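What you see is a predicted model; the values in this text were computed from it and never measured. Chain identifiers are assigned alphabetically (A, B, ...) following the order of the sequence lines, protein sequences preceding nucleic acid strands; residue numbering begins at 1 within each chain.
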2 protein chains.
Amino acid sequence: MQQFTDRQIEIMEAATNRISKFGIQNLTIKTLAEDIGLSEPALYRHFKSKNEILWSLLEYFKTEMRNRIQSLPFKTSDSEATKLRAIFNSQLQTFVNKPAIVSVIFAESIFHYEENLSNKVAEIMDMMQDFVKANIKRGQELEQYNNLIGASTLTTIIIGGMRMTVLKWKLSGHKSNLIKDGKAVLEGILKMIEK
Amino acid sequence: MQQFTDRQIEIMEAATNRISKFGIQNLTIKTLAEDIGLSEPALYRHFKSKNEILWSLLEYFKTEMRNRIQSLPFKTSDSEATKLRAIFNSQLQTFVNKPAIVSVIFAESIFHYEENLSNKVAEIMDMMQDFVKANIKRGQELEQYNNLIGASTLTTIIIGGMRMTVLKWKLSGHKSNLIKDGKAVLEGILKMIEK
DNA sequence: CAAGTTAGTTAGCGTTCACTTACAAAAGTA
DNA sequence: TACTTTTGTAAGTGAACGCTAACTAACTTG
């Protein structure tokens with residue numbers, strides 16, 4: 001029971017790579033078809049519009065992300081900080097393995113003009129936010145984190161700090177060390193909030 | 001000695017508003033000309049290309065931002081935290097007064113395909129980063145801030161947290177309280193680093 | 001007041017866009 | 001083997017794009 005065919009996945013990955021390398025402006029049906037080695041109408045055999053390609057691509061990553069995070073092997077003895085480290089580590093590893101994804105996921109504004117696309121991007125952001133906020137709340141209730149800052153604000157700071165790190169990595173042409181820099185940010189924040 | 005003519009500023013502001021409301025995809029010479037009530041070729045009397053309109057717009061804001069921050073009325077008795085509050089307060093106020101700017105400044109990816117434009121956006125980000133990093137370093141040297149985290153990482157966290165707050169405000173359709181939320185983030189971080 | 005400049009117009013250029021039509025080869029199935 | 005479905009193609013559509021050519025009215029200046 002697969003949600004997408006092999007060809008569809010091939011198209012979505014080619015689209016992601018195009019966007020990552022040359023920006024959304026350069027993603028046209030023509031360039032996309034050339035990347036895969038097909039004609040333009042062939043793409044319309046697999047998706048009914050360009051919009052649907054982008055929507056599917058976001059949906060595909062959203063599902064992958066939720067499954068991956070939800071199946072992280074947590075032990076009941078793990079502290080909330082340990083869990084948070086695991087979540088972000090998994091996320092950063094995914095970005096390093098497939099840097100092109102970042103260009104799509106972190107670009108709220110590129111889909112500004114297409115409501116269903118910007119909604120999908122917002123959904124992905126919200127999901128990550130919910131994971132982090134739940135962690136903070138449990139950590140504060142269990143008194144593993146201090147209560148200097150409210151859970152909402154703290155979530156904003158953590159996600160903001162991580163996003164900023166990813167953005168810098170992207171702007172450096174993936175030459176900075178994302179895993180190391182991301183860890184530094186998370187450990188820094190944890191150092192300030194762990195009891 | 002003005003860098004831009006009135007008409008040029010009118011065009012740049014109209015462009016900013018277009019991008020903010022409908023995204024970069026909807027900014028065409030035609031829509032822009034209609035917004036101002038001129039014909040398309042008239043725009044080419046004031047800028048030699050669409051690219052130059054966007055570049056000028058970024059340059060215009062960059063200059064405004066540097067002048068504004070550099071002329072903040074600091075007293076020698078002000079603590080570094082006080083200065084940092086003033087910098088961000090000034091920045092957030094600017095965004096509230098002209099929300100359209102945010103769409104342009106915070107959108108690294110929309111100009112991905114035009115090197116001179118993405119460079120300008122990077123310049124603006126670097127400038128803000130330098131202001132914050134300098135503040136953190138002085139604060140740590142003067143022992144007003146603790147040394148739990150290095151200045152670079154801390155700068156990433158602060159800028160990241162603020163950017164995230166602005167992004168949320170934008171995604172809420174400017175309905176959240178940017179000033180209040182921004183203050184909460186900054187005060188939260190200061191609470192953790194102030195000695 | 002003649003000459004030049006500034007700031008605007010209408011009309012249209014060549015190109016690219018997402019998408020469609022009509023047809024053909026291959027693959028699966030009876 | 002005959003029929004159907006799937007997956008591909010070449011050729012072309014109308015609309016939209018950035019930008020230009022050719023022209024003009026109003027102002028400025030020696």
Fill in: Rounded distance (Å) that lies between atom P of C:dA18 and atom CD of A:E52
15 Å

Discussion item. Under a 4.0 Å threshold between the charged nitrogen and the carboxylate oxygen, would B:K83 count as salt-bridged to B:E80?
Written reply: yes

Discussion item. Tell me whether the side-chain N/O atoms of A:H46 come closer than 4.0 Å to OP1 or OP2 in D:dG8.
Written reply: yes

Worksheet entry | Under-4.0 Å salt bridge between A:K120 and A:E123 | yes

Item to complete: Would you kindly give the CD1-to-C1' distance between B:I36 and C:dT9, to the nearest whole Å?
Response: 16 Å

Polar atom pairs (N or O), protein with nucleotides 15-18 of chain D, under 3.5 Å:
{"unit_1": "D:dG18", "atom_1": "OP1", "unit_2": "B:K50", "atom_2": "NZ", "d": "2.7"}
{"unit_1": "D:dG18", "atom_1": "OP2", "unit_2": "B:I29", "atom_2": "N", "d": "3.1"}

Response to the item:
note: B:F47, atom CZ; C:dT6, atom C1'; distance rounded to Å ~ 16 Å

Worksheet item: Quick one: A:L43 CG to C:dT20 P, roughly how many Å, whole number?
Response: 13 Å

Discussion item. Can you measure B:R45 atom CZ to D:dA26 atom C1' for me and round it to whole angstrom units?
Written reply: 14 Å

Worksheet item: Salt bridge check: are A:K168 and A:D181 linked by an N-O gap of less than 4.0 Å?
Response: no

Item to complete: Considering only NZ, NE, NH1 and NH2 on the basic side and carboxylate oxygens on the acidic side, decide whether B:E141 and B:R138 come within less than 4.0 Å.
Response: no

Worksheet item: Taking the six-membered ring for Trp, are B:F106 and B:F95 parallel (under 30°), tilted (30 to 60°) or perpendicular (over 60°)?
Response: perpendicular

Practice prompt. Return yes if some donor-acceptor pair links the side-chain N/O of A:T155 with the main-chain N/O of A:A151 below 3.5 Å, else return no.
Written response: yes

Discussion item. Nearest whole Å is fine: how far is D:dC19 P from B:K48 NZ?
Written reply: 10 Å

Discussion item. Taking only side-chain N and O atoms of B:R7, does any of them lie within less than 4.0 angstrom of OP1 or OP2 on C:dG8?
Written reply: yes

Practice prompt. Check for a donor-acceptor pair, side chain of A:N116 on one end and backbone N or O of A:E52 on the other, with a separation under 3.5 Å.
Written response: no

Discussion item. How many whole angstroms separate atom CG of A:L38 from atom P of D:dA10?
Written reply: 11 Å

Practice prompt. Tell me which nucleotide among C:dG8, C:dC23, C:dT20 gets nearest to the side chain of A:P41.
Written response: C:dT20

Worksheet entry | Interatomic distance, A:D6 CG vs D:dT6 C1' [rounded to whole Å] | 15 Å

